[in-house]
Amino acid sequence: MSLRRTVYLVSLLVLSFLTILYGCETLKKAKPIYSIKEYERMIVGRLDADYVGTDNCLKACHTHDKIRTYFDASTMGAQLSSESGMPLVDCESCHGPGSLAIEGITPEKVEEDKRQGGQTACNYETLLDLESLPAGAQSLICLKCHTAHALFNVHNWNASEHAQNDVSCSDCHPVHIGADLTTKPRDTKQMCLKCHQEIGAEFSLPSRHPVLEKKILCTDCHDPHGFISERILRKTTVKETCLQCHAEKGGPFLYEHADTTENCITCHSPHGSVNNNLLKVREPFLCLQCHTGHKMNTSVGSPSSLDSKSAFYTRCTDCHSQIHGTDIPSASGTGRFIQ
Amino acid sequence: MKKIIIFGLMIVACFGRIGLADEYAFPEIKPELYLWGGYRNVQLDGSARAEEYEYVDDSFAFGGEFYAFPFPHRIHVEGEVLNGNDYFGDVRYAYKDLVLFRWLTRKLYHNLDNITLRDFDSAAATPSIDIRDAGDTYGVKTGLDKYFLRLKTPDFPLHLYTEARIFHRKGTLQQRFLGGSGYYNDAAGNVDSPERATIDRDIHWETEDYTIGTNNHLGPVELDIAHTAMRFTPKGDEALVEPYDAAGFPPGSLRAAGSYEHNRIPELKGYTNTLKAHTSYTGRIVASGTLSNTNRENNYSGAEADTLVGHGELVWMPAANLTFFTKYRYQATDVDNPDSITIVDKLNPATSYTYTNIRPSIDSHVNRITGAMRYKPLRNITLKAECTRERREREKSDAEAWHLPNSTTRDIYALSLYSRFMKKVKLSAKYVYQKTNQGNDDSVIHYEPEHSGQGVLSLSWTPLSWMTAFLNYNFTKDRTSHLQLLDYYGSVVGQATDRARSRERLFGSITFQLTEKLSLSPSYTYLYNEVEQDLIYDAYTSGNLVDDGVKDKSKVHNCAVNVMYIPANNLSINAMVNYTKSSGEFHPGISEALNPGSIALFSEVRKEEIVCELEGTYNFTNGWDVGLRYRYTDYDDESFDNPESGDCSATMMMISKKW
């Protein structure tokens, strides 16, 4: 191999190596396709203000010390920049640059105001007015960093029912309430029913999932961040969601109930129902909507006895007990869900 | 050589870190501990159905919360144990942003019914009942454990995670089944004379899901791949065995008298593979896609089901007040079941019967596309329009075997409005219209409504600073024409009927903040469901008995009042009263269904439930608190069949301390 060729090959190898190294370095940087100018403009903050850092924001007064402590103790507080060693996220990451807000506030002034029985207020109007922002802009404050949310929770957020209906991240995530930044699992009922009040009444019906009793959570079945199935259920289909707990009903079975069992809410009302077993309609009427009833009269044409009627028209599932599907043929040799 | 060394140093200089940053000093945060302990006294009179999800026995109870931040570690533990069958726990640990662990555990007790079959004429030999569980009480312990572990690479958004979900149910429940000959003629060969039976059944069912996955941020796209393995294991009585008589079988039946299995719960296994990808959320165009393949297999019969779901979403926001959403979903279901099944006489294993008359399970695929637009003409008004088309196609031979339409097309149109047209008034309204085309072929059954309309109206009003009112009205109406029913032999009756359904729900609540320390929230709910349809019964005479326009109605009235009162800085009281009255019945019309007694009697429902809760806490100055939780339920069941009335009170006294 000639020297020239060797030099070319080595150069190519080195160039490829450098390109890979550079590529790895830039992989973690966000590259939005386009920017939402209007929303991004809303969350930039005052262009004539500077970033001053959390310490400077809070050093003069102690009003927000507790919030700062919670924040430092949270997941966001644990994120440190590898270059500077300082927290990646601080007050100004969400509230905008704070130099104008603390202009003129010194520890001496705070002490003086306190001696006179007052409290020094910072010029908070120069910060972002988060509550007045449209829901999309409020969410963007979180999403500008949480695009790579580790749990992929927000994978379907943008087209989700909540996002479409102007629910923002802060409606459910009380960021300053504690170090957890999320609602406690058993408090999700209160949070969800704050908006979905009429659903709460369904959980008072005689047959119900025990959501009001805090033994089942809304988030056991629903993903509030959105998902690909209807009604933002946790799994890809209604049936898969129910089978998380009721796997014994799911099959597949040798003898299926046509494809009615592909969707549990064909017969069941998952929040609550007047009827046993969360049925939308009671037996036998439920079954009589698609099937003819057993004989109502005798061979001589007179009505069958009350005893006979009670056997056939109390609950079809007294005999057809494997109504979700079965692997065993009935006595007649067909799949009647009797065995 | 010298050149290589210089070259290497240049690379290090480009990408190495020159010098080290000062280490960040995390603040010192004192750990917090809150513990409480107490005794819970439960008094039950009557049916345990009064408290369906409570373990009705006295017990010591305890709980608490613990937070500690010995940075870079973060620890959080929370728990509440009412008794060994009712508890909640949440344990979380994090190390920087590199390791995240969580364990969520829950258990509850479910009191179940013991339904007593009724014999209206004990003098008559048929039909007969066989009650083998008289006086038994039933209940099942239900528990869920979730474990989650996530690992992250330092300074790089690559995550590895694993999740385990274990759901288990253990206890005894009632099994109802058809005994005798296993046919609706009884063992003596009397026609239309079933022998129904009830028996207790031990269950120990466990569902396990284990997931492993990874996600990474690759420039403008994020990617997640996960694999989940699932297993359902039915321990306890996997199947029951019953001696069946031959007499009463239909002519030509394959099976002779013998002991055969019934109500088998098969072991199941499966897996799901999921691939997700989405663009950055800060873009004017945001797209996401999900591909998921789920496989389920029945280890007993060999039936297998595969479901493939592909889903894509595109969000385009050309302006801040205008957004377009597009979703597409494809779902393919492929179910295979064996062509035959062999059952064995358990007392005589050499005797077996093979059945080949097995209808194929239904393969289908569904395409669904949705387009929506959200427009904000003014700051306080949002309009939304949505259009969906869904087409389900069943495998032709499967659809014919089941007398179902080959294809079903649904068109769904929705319009909604949200407005804050006055400062204190929020209004939202939505109307959804759905049209389903299943064809007009009367040789198949159409069980989906052809036309359906749903409307929702919500109003929130704050007339005064201390008063907020909320009103919600929701109605649904649908109609199914060319409705066909299946007869006893599984054939289409050939007599088209109509079905009309309507559902109404009205909810109203008002919250009064009477003083800074007292708030009152009454609410009222009305639910009404109605289905009207022609019913068909088999008859000995030629043809069928048609019962025109039979209505099934259900009605609920619910009233609730919540009170929060803080009479003193160290005393807080919460109280709640909830009253629910439910009723349901259907109304047959033909004389055969009404004489000698109406068939509607056996399924009518009349229930009233009152739930009262009182909770109070008194704080002492030294960090100690005493508390009381009281809950009373009065469940009055006047249904004709198996009324299960009872009342239950649970009182818990607690003492707690915070450090």
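This is a predicted model, so every value here is computed, not measured. Proteins come first, then strands; the chains are lettered A, B, ... in the order of their sequence lines, and each starts at number 1.
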Trainee: For chain A, which candidate among B:S554, B:S253, B:S288 shows the most heavy-atom pairs at distances under 4.5 Å?
Mentor: B:S288
Trainee: Check whether B:F88 forms a cation-pi arrangement with A:R186 (NZ or CZ under 6.0 Å from the six-membered ring centre, at most 45° off the ring normal).
Mentor: yes
Trainee: If the threshold is 4.0 Å, N to carboxylate O, is there a salt bridge linking A:R208 and B:E609?
Mentor: yes
Trainee: What residue, out of A:A201, A:S139, A:G333, A:A163, has the most heavy-atom pairs lying under 4.5 Å from chain B?
Mentor: A:G333
Trainee: Quick one: of B:F177, B:Y183, B:Y260, B:F586, who has the most non-hydrogen atom pairs under 4.5 Å with chain A?
Mentor: B:F586
Trainee: Quick one: which of A:V281, A:L286, A:L288 gives a side chain to side chain contact (heavy atoms under 4.5 Å, CB included) with B:D552?
Mentor: A:V281
Trainee: Sort out for me which of B:R296, B:K96, B:K152, B:R118 touches chain A most, counting heavy-atom pairs under 4.5 Å.
Mentor: B:R296
Trainee: Please confirm whether the backbone N or O of B:E592 pairs with a side-chain atom of A:K309, one donor and one acceptor, at under 3.5 Å?
Mentor: yes
Trainee: If you count heavy-atom pairs under 4.5 Å with chain B, which of A:P252, A:P284, A:S332, A:A331 comes out on top?
Mentor: A:P252
Trainee: Can you name the nearest heavy-atom pair linking B:Y53 to A:H209, along with the distance?
Mentor: OH-CA, 4.4 Å
Trainee: Whether B:E52 and A:K215 form a salt bridge (side-chain N of Lys/Arg under 4.0 Å from carboxylate O of Asp/Glu) is what I want to check.
Mentor: no
Trainee: Which distance, rounded to the nearest 0.5 Å, do you find between the CZ of B:R499 and the CD of A:Q289?
Mentor: 4.5 Å
Trainee: Using every non-hydrogen atom in the two residues, find where A:N297 and B:L545 come nearest and quote the distance to one decimal.
Mentor: ND2-CD1, 4.2 Å
Trainee: Would you check if A:D166 and B:T382 make a side-chain contact, meaning some heavy-atom pair closer than 4.5 Å?
Mentor: yes
Trainee: When rounded to the nearest 0.5 angstrom, what distance separates CD1 in B:I599 from OG in A:S310?
Mentor: 11.5 Å
Trainee: Just by distance, do the side chain of B:D119 and the backbone of A:D307 share a donor-acceptor pair under 3.5 Å?
Mentor: no
Trainee: Which residue out of A:G136, A:G250, A:G251, A:P134 racks up the most heavy-atom pairs below 4.5 Å with chain B?
Mentor: A:G251
Trainee: Could you pull out the closest heavy-atom pair between A:E256 and B:S361, with the gap in Å?
Mentor: CG-OG, 3.4 Å
Trainee: Within a strict 4.5 Å, meaning less than it, do heavy atoms of the A:T314 and B:S603 side chains meet?
Mentor: no
Trainee: Looking only at non-hydrogen atoms, find the nearest pair between A:A247 and B:L268 and report the distance.
Mentor: O-CD1, 3.4 Å
Trainee: Atom CG in A:D327, atom CG in B:N298: separation rounded to 0.5 Å?
Mentor: 4.0 Å
Trainee: Please report the interatomic distance CD(A:E198) to OG(B:S523), rounded to the nearest 0.5 Å.
Mentor: 11.5 Å
Trainee: Out of B:E261, B:E297, B:H262, B:H311, which one racks up the most heavy-atom pairs below 4.5 Å with chain A?
Mentor: B:H311
Trainee: About how many Å separate CG of B:D538 and OG1 of A:T292, when rounded to the nearest 0.5 Å?
Mentor: 4.0 Å
Trainee: If you compare all heavy atoms of A:A311 against all heavy atoms of B:P194, which two are closest, and at what distance to 0.1 Å?
Mentor: CB-CG, 3.9 Å
Trainee: Does any heavy atom of chain A fall under 4.5 Å from the side chain of B:P250, the backbone, both, or neither of them?
Mentor: side chain
Trainee: For the pair A:H155 and B:H278, name the ring-plane relationship: parallel under 30°, tilted 30 to 60°, perpendicular over 60°.
Mentor: tilted
Trainee: Based on non-hydrogen pairs under 4.5 Å, which of B:V605, B:V309, B:D192 is most in contact with chain A?
Mentor: B:D192
Trainee: Let me see the working for A:Q197 and B:S509 under side-chain hydrogen bond (donor to acceptor under 3.5 Å, both in side chains), right down to the final yes or no.
Mentor: CA-CA 9 Å; A:Q197 292 186 52; B:S509 75; 2.9 Å; yes
Trainee: What part of A:F312 lies closer than 4.5 angstrom to a heavy atom of chain B: side chain, backbone, both or neither?
Mentor: side chain
Trainee: Determine whether B:F69 and A:T69 make a side-chain contact, defined as any pair of heavy atoms from C-beta on separated by less than 4.5 Å.
Mentor: no
Trainee: Can you tell me how the ring of A:Y313 sits relative to the ring of B:Y537, calling it parallel under 30°, perpendicular over 60° and tilted otherwise?
Mentor: perpendicular
Trainee: Side chains of B:L486 and A:C290: does their closest heavy-atom pair fall under 4.5 Å?
Mentor: no
Trainee: Should A:Q339 and B:R264 count as side-chain neighbours, where that means a heavy-atom distance under 4.5 Å?
Mentor: no
Trainee: Check whether NZ of the Lys or CZ of the Arg A:R336 lies under 6.0 Å from the centre of the six-membered ring of B:Y488 and within 45 degrees of that ring's axis.
Mentor: yes
Trainee: May I ask you to check whether A:T334 and B:N357 show a side-chain donor-acceptor distance below 3.5 Å?
Mentor: no
Trainee: Pick one of side chain, backbone, both or neither for B:L104, based on which atoms fall under 4.5 Å of a heavy atom in chain A.
Mentor: side chain
Trainee: So A:E240 and B:T294, side chain to side chain contact (heavy atoms under 4.5 Å, CB included) or not? Walk me through it.
Mentor: CA-CA 9 Å; A:E240 283 295 315; B:T294 301; 3.9 Å; yes
Trainee: Looking only at non-hydrogen atoms, find the nearest pair between B:T207 and A:Q244 and report the distance.
Mentor: CG2-O, 4.2 Å
Trainee: Do any N or O atoms from the side chain of B:R329 and from the backbone of A:I228 form a donor-acceptor pair under 3.5 angstrom?
Mentor: yes
Trainee: Taking side chain as C-beta onward, heavy atoms only, is A:K295 less than 4.5 Å from B:Y540?
Mentor: yes
Trainee: CZ of B:F507 to CD1 of A:I199: how many Å apart, nearest 0.5 Å?
Mentor: 10.5 Å
Trainee: For a salt bridge (charged side-chain N to carboxylate O under 4.0 Å, His left out) check, start with the C-alpha distance between A:D220 and B:R106, then their side-chain angles and the critical distance, and finish with the verdict.
Mentor: CA-CA 12 Å; A:D220 284 334; B:R106 257 181 288 168; 2.7 Å; yes
Trainee: Can you tell me which of B:N595, B:T525, B:I343 forms the most heavy-atom pairs within a distance under 4.5 Å of chain A?
Mentor: B:N595
Trainee: Heavy-atom distance under 4.5 Å to chain B: side chain of A:T326, backbone, both or neither?
Mentor: neither
Trainee: Do A:H291 and B:D487 have side chains that approach each other closer than 4.5 Å (heavy atoms only, starting at C-beta)?
Mentor: no
Trainee: For a 4.5 angstrom cut-off between non-hydrogen side-chain atoms, does A:E248 reach B:F232?
Mentor: yes
Trainee: Of the listed residues (A:L217, A:T266, A:N275), which shares the most heavy-atom pairs with chain B below a 4.5 Å separation?
Mentor: A:L217
Trainee: So which residue, A:G293, A:S302, A:P185, ends up with the most heavy-atom pairs under 4.5 Å with chain B?
Mentor: A:G293
Trainee: Specify which of A:P206, A:P210, A:P303, A:C319 makes the most heavy-atom pairs with chain B at under 4.5 Å.
Mentor: A:P210
Trainee: In terms of heavy-atom proximity below 4.5 Å to chain A, should B:N472 be classed as side chain, backbone, both, or neither?
Mentor: side chain
Trainee: Can we say B:R196 and A:D318 salt-bridge, meaning some charged N sits less than 4.0 Å from an Asp/Glu carboxylate O?
Mentor: yes
Trainee: Side-chain donor-acceptor pair under 3.5 Å between B:E313 and A:N156, yes or no?
Mentor: yes
Trainee: Which atoms of A:T298 come close to chain B, meaning under 4.5 Å heavy atom to heavy atom: side chain ones, backbone ones, both, or neither?
Mentor: backbone
Trainee: Give, as side chain, backbone, both or neither, the part of B:A94 having an atom under 4.5 angstrom from any heavy atom of chain A.
Mentor: neither
Trainee: Kindly determine whether B:V315 and A:Q164 satisfy side chain to side chain contact (heavy atoms under 4.5 Å, CB included), including the steps that lead there.
Mentor: CA-CA 10 Å; B:V315 178; A:Q164 288 190 39; over 6 Å; no
